[in-house]
Amino acid sequence: MPCRSRRPVSTCRRRAAENVRRRHLRVATTRWRVQLDYGEDDDDDDDGKGLEVMSEPEGEEAVQWYPEGALHPMVLRKFEEVHYGLQPRQPLHFRLKYLSSQPAGSIRKALRRRGTWPSVVVDLKHMSGTVDPPTAYNDLTMPWAADLFYRVYRQMGREPFGIRAMMVSTDRELYGLSTEALHDFVLNWKRTFRAGAGGDESLETPLPVIHKDLMVHPLQLAEAAEVGAKGVLLVAGCCLPDLEHLLNTAYALGLEAIVEVYNDEEVERSAAAGAGVMVMSNINRAKRVMQKGNAAALLERWCTHLHTLGVVCLAGGGIRTHEDVEQVRDTGADGIVLGEAMMRAAVDRNADEAADTLRHLLTGE
Ligand SMILES: O=C(O)c1ccccc1NCC(=O)[C@H](O)[C@H](O)COP(=O)(O)O
């Protein structure tokens with residue numbers, strides 16, 4: 001269910017005029033007007049920081065939607081990061097530098113299921129909030145992670161299933177990594193593949209790296225392209241009114257997007273916005289709870305229809321056992337995102353054990 005607005009859309013124009021006089025920092029996206037209120041405020045009807053849906057053009061129906069629960073302050077935090085971290089970096093130059101002439105599509109193809117086994121995306125994180133208590137993998141370094149997962153990938157290359165993409169989770173509060181770490185991973189990942197191919201770059205193409213963060217603004221996508229990611233994860237619960245706009249920007253930058261969805265409304269609107277890959281999640285980010293079975297239930301309802309639209313369907317969040325994988329596989333899903341299960345298996349730095357864990361998760365053997 002969409003959230004109730006704190007301010008009716010009809011008041012937005014009036015407020016827009018008022019706000020010209022105010023000392024608010026403002027970031028305009030397609031639909032939202034974001035107020036990051038750090039100035040002195042003499043207007044006591046204002047309740048500080050917030051998100052407003054902007055007025056729709058004449059004749060269009062206004063859509064009222066806000067990130068719910070725990071997501072609301074997180075989305076505001078992301079707008080702050082963009083405002084202070086990315087916007088001062090000559091945004092236009094920064095964004096246009098990466099305009100791509102290449103039509104994207106390879107991640108979608110790579111993740112499409114072939115036969116029995118779901119494709120696998122490994123989600124690299126320094127901290128994991130999807131286990132209780134949350135875990136921190138303090139020893140994790142990017143060169144080590146690149147080397148280890150490359151060796152797992154090579155071992156699985158002899159099997160009819162395996163890792164098809166790497167995801168790096170970079171929100172500091174949620175996952176303990178920064179965009180610099182993503183950059184570090186990308187460089188090491190390429191270097192490792194090259195070394196594995198005897199230094200000949202043409203022999204083996206590195207698997208795509210996907211940047212996962214709470215993406216709310218095009219400049220974050222430009223940054224992902226700048227540090228060498230091939231794809232981005234867009235969490236629908238953080239950006240639904242701007243999703244189409246962010247998808248368009250991603251593709252213009254040569255990035256592919258995976259859209260994380262948690263409920264029917266997010267699936268429906270993401271499909272309408274043109275998402276090519278969706279990951280159905282077991283994690284309710286707004287309430288910060290794991291809802292086991294949610295991804296499988298969404299897949300049951302949507303997978304066949306989404307396949308007719310050409311959308312590749314993944315499941316993620318809390319997939320820990322072979323039974324979890326089977327439940328998702330039986331719905332017709334194309335693939336799975338594995339974070340905690342792979343991080344835990346990899347933490348003793350043993351590629352053989354990590355490969356065994358992956359093999360067991362997929363086959364039960
Ligand atoms: O990944 C987290 O720690 C996390 C914390 C709070 C809300 C959502 C979170 N993750 C959502 C994800 O995308 C998962 O990392 C991904 O689905 C894999 O989950 P898992 O295999 O349980 O690590």
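Order of appearance sets the numbers: ligands from 1, and atoms from 1 within every ligand. Remember, predicted model here, so these are calculated numbers, not experimental data.
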> Any idea which atoms of ligand 1 are less than 4.0 Å away from a heavy-atom of Glu260?
Replying inline: 13 (O)
>> According to ring-ring contact (aromatic ring centres under 6.0 Å, His included), who are the partners of Trp117, at least two apart in sequence or on a separate chain?
In response: Phe161
> Do you know which two heavy atoms are closest between Gly318 and Lys292, and how far apart they sit?
Replying inline: O-NZ, 2.6 Å
> Looking at Asp123, which atoms of ligand 1 are within less than 4.0 Å of one of its heavy atoms?
Replying inline: 14 (C), 15 (O), 16 (C), 18 (C)
>> Give the atom numbers and elements of ligand 1 that come within less than 4.0 Å of a heavy atom of Gly316.
In response: 17 (O)
>> Just to confirm my output: which protein heavy-atom neighbour is closest to atom 19 (O) of ligand 1, and how far is it?
In response: Gly317 CA, 3.4 Å
> Considering only heavy atoms of Ile283, which atoms of ligand 1 have at least one such atom less than 4.0 Å away?
Replying inline: 7 (C), 8 (C), 9 (C), 10 (N), 11 (C)
> Which atoms of ligand 1 sit under 4.0 Å from any heavy atom of Arg320?
Replying inline: 20 (P), 21 (O), 22 (O)
>> I need the contact type for Met343 against ligand 1. Using non-hydrogen atoms and a strict under-4.0 Å cut-off, is it side chain, backbone, both or neither?
In response: neither
> CE of Met342 to CG of Asp123: how many Å apart, nearest 0.5 Å?
Replying inline: 11.5 Å
> What residue and atom, counting heavy atoms only, is the protein's closest point to atom 3 (O) of ligand 1, and at what distance?
Replying inline: Gly129 N, 2.6 Å
> What is the minimum heavy-atom distance between Ala351 and Leu148, and which atoms define it?
Replying inline: N-CD1, 3.8 Å
>> Please determine whether side chain to side chain contact (heavy atoms under 4.5 Å, CB included) holds for the pair Leu174 and Leu214, giving the CA-CA distance in whole Å, both sets of side-chain angles, and the decisive distance to 0.1 Å.
In response: CA-CA 10 Å; Leu174 286 178; Leu214 305 177; 4.1 Å; yes
>> Would you say that Asp213 contacts Lys78 through its side chain, given a criterion of any heavy-atom pair below 4.5 Å between the two side chains?
In response: yes
> Heavy-atom contact under 4.0 Å between Gly318 and ligand 1?
Replying inline: yes
> How close does the nearest protein non-hydrogen atom get to atom 2 (C) of ligand 1, and which residue and atom is it?
Replying inline: Tyr175 CE2, 3.2 Å
>> If you compare all heavy atoms of Asn282 against all heavy atoms of Asn294, which two are closest, and at what distance to 0.1 Å?
In response: OD1-N, 3.1 Å
>> Can you name the atoms of ligand 1, numbered from 1 with element, that are less than 4.0 Å from a heavy atom of Arg288?
In response: 6 (C)
> Of the protein's non-hydrogen atoms, which lies at the shortest distance from atom 13 (O) of ligand 1, and what is that distance?
Replying inline: Lys212 NZ, 2.9 Å
> When the ring planes of Trp189 and Phe185 are compared, do they come out parallel, tilted or perpendicular, using 30° and 60° as the limits?
Replying inline: parallel
> Counting only heavy atoms, which portion of Glu340 has something under 4.0 Å from ligand 1: side chain, backbone, both, or neither?
Replying inline: both
>> Looking at Lys212 and Glu260, is any side-chain nitrogen of the basic one under 4.0 Å from a carboxylate oxygen of the acidic one?
In response: no
>> Return the closest protein heavy atom for atom 11 (C) of ligand 1 as residue, atom name and distance.
In response: Arg285 NH2, 3.1 Å
> For atom 21 (O) of ligand 1, what is the nearest protein heavy atom, given as residue, atom name and distance?
Replying inline: Gly339 N, 2.9 Å
>> Looking at every non-hydrogen atom in both residues, tell me the closest pair between Leu255 and Ala229 and how far apart they are.
In response: CD2-O, 3.2 Å
> Atoms of ligand 1 less than 4.0 Å from Lys125 heavy atoms?
Replying inline: 1 (O), 2 (C), 3 (O), 14 (C), 15 (O), 19 (O), 20 (P), 23 (O)
